[in-house]
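Heads up: the structure comes next, in structure tokens.
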Amino acid sequence: MLVFVTVGSTRFDALVEASISEPVLSTLRDSGYDRLTIQRGNSVIESSEEFNGESCTIQRHGVDIEIWRFKPFIQAECEQADLVISHAGSGTILDVLRLGKPLIVVPNPTLLDNHQEELASALQILGHLKATSIQDLASTIASFEPRDLVPFPPFDGTKFSKLVDEEMGFI
């Protein structure tokens, strides 16, 4: 089974480092995941210089790992994944939830106003995803039950147009 980790266009060294750590890789392996793809963006991987090129493939702790910086689109990776682990960026969250993929988010606390934490918390309360911290990533993966997630509602563009029409006084 495949796990896809994405940090988006920013830098989130801690999530990338945690994803290739022994506790997380062992937990993934023990949970039945044998492949890990990481989109690292601008993150720097201090623990291993071999990962800091444009792309790299390696096996560690029984997991085949592919790491790359950027691709024009990551939808294919999200579609192929059995689990997505992501920063808590709104665009990534919405894309993954609309695909119906199980999602664990790790808010990046270094970003302005910690807005990722607020979004992750709200969507976790609604049951659409699981939010965790870097420190708790391995234990969250171990206890994660995708079947317990509440499906995200499909996009309905009429709601937005109705809201604009009401605001403009058309209805």
Check this for me: [X], atom [atom1], are more than 12 non-hydrogen atoms of other residues, nucleotides or ligands nearer than 6.0 Å?
X	atom1	answer
E145	CD	yes
Q75	CD	no
K71	NZ	yes

Between [X] and [Y], which heavy-atom pair has the shortest distance, and what is it?
X	Y	result
T132	I104	CG2-CG2, 3.8 Å
V24	S19	CG1-O, 3.8 Å
S26	H61	OG-CB, 4.4 Å
L36	V5	CD1-CG2, 3.7 Å
L119	I93	CD2-CD1, 3.7 Å
M1	S31	CE-O, 3.9 Å

Q.
As a quick check of understanding, evaluate side-chain contact (heavy atoms from CB on, under 4.5 Å) for I58 and I67, giving each step before the final call.
A. CA-CA 9 Å; I58 194 167; I67 299 178; 5.9 Å; no

Rounded distance (nearest 0.5 Å) linking atom [atom1] of [X] with atom [atom2] of [Y]:
X	Y	atom1	atom2	value
H128	L149	NE2	CG	9.5 Å
D13	R40	CG	CZ	9.0 Å
R29	E22	CZ	CD	7.5 Å
L163	I171	CG	CD1	9.0 Å
L99	C78	CG	SG	6.0 Å
D156	K162	CG	NZ	10.5 Å

Backbone of [Y] reached by a side-chain donor or acceptor of [X] within 3.5 Å:
X	Y	result
K130	T140	no
S161	T158	yes
Q116	N108	yes

**Q.** side-chain contact (heavy atoms from CB on, under 4.5 Å) assessment of L137 paired with I85
**A.** CA-CA 9 Å; L137 183 57; I85 299 173; 4.2 Å; yes

Q: Before giving the answer on side-chain contact (heavy atoms from CB on, under 4.5 Å), spell out for Y33 and T27 the whole-Å C-alpha distance, their side-chain angles and the decisive distance to 0.1 Å.
A: CA-CA 9 Å; Y33 299 101; T27 301; over 6 Å; no

**Q.** V106/F12 under side-chain contact (heavy atoms from CB on, under 4.5 Å): CA gap, chis, key distance, verdict
**A.** CA-CA 10 Å; V106 182; F12 195 178; 4.0 Å; yes

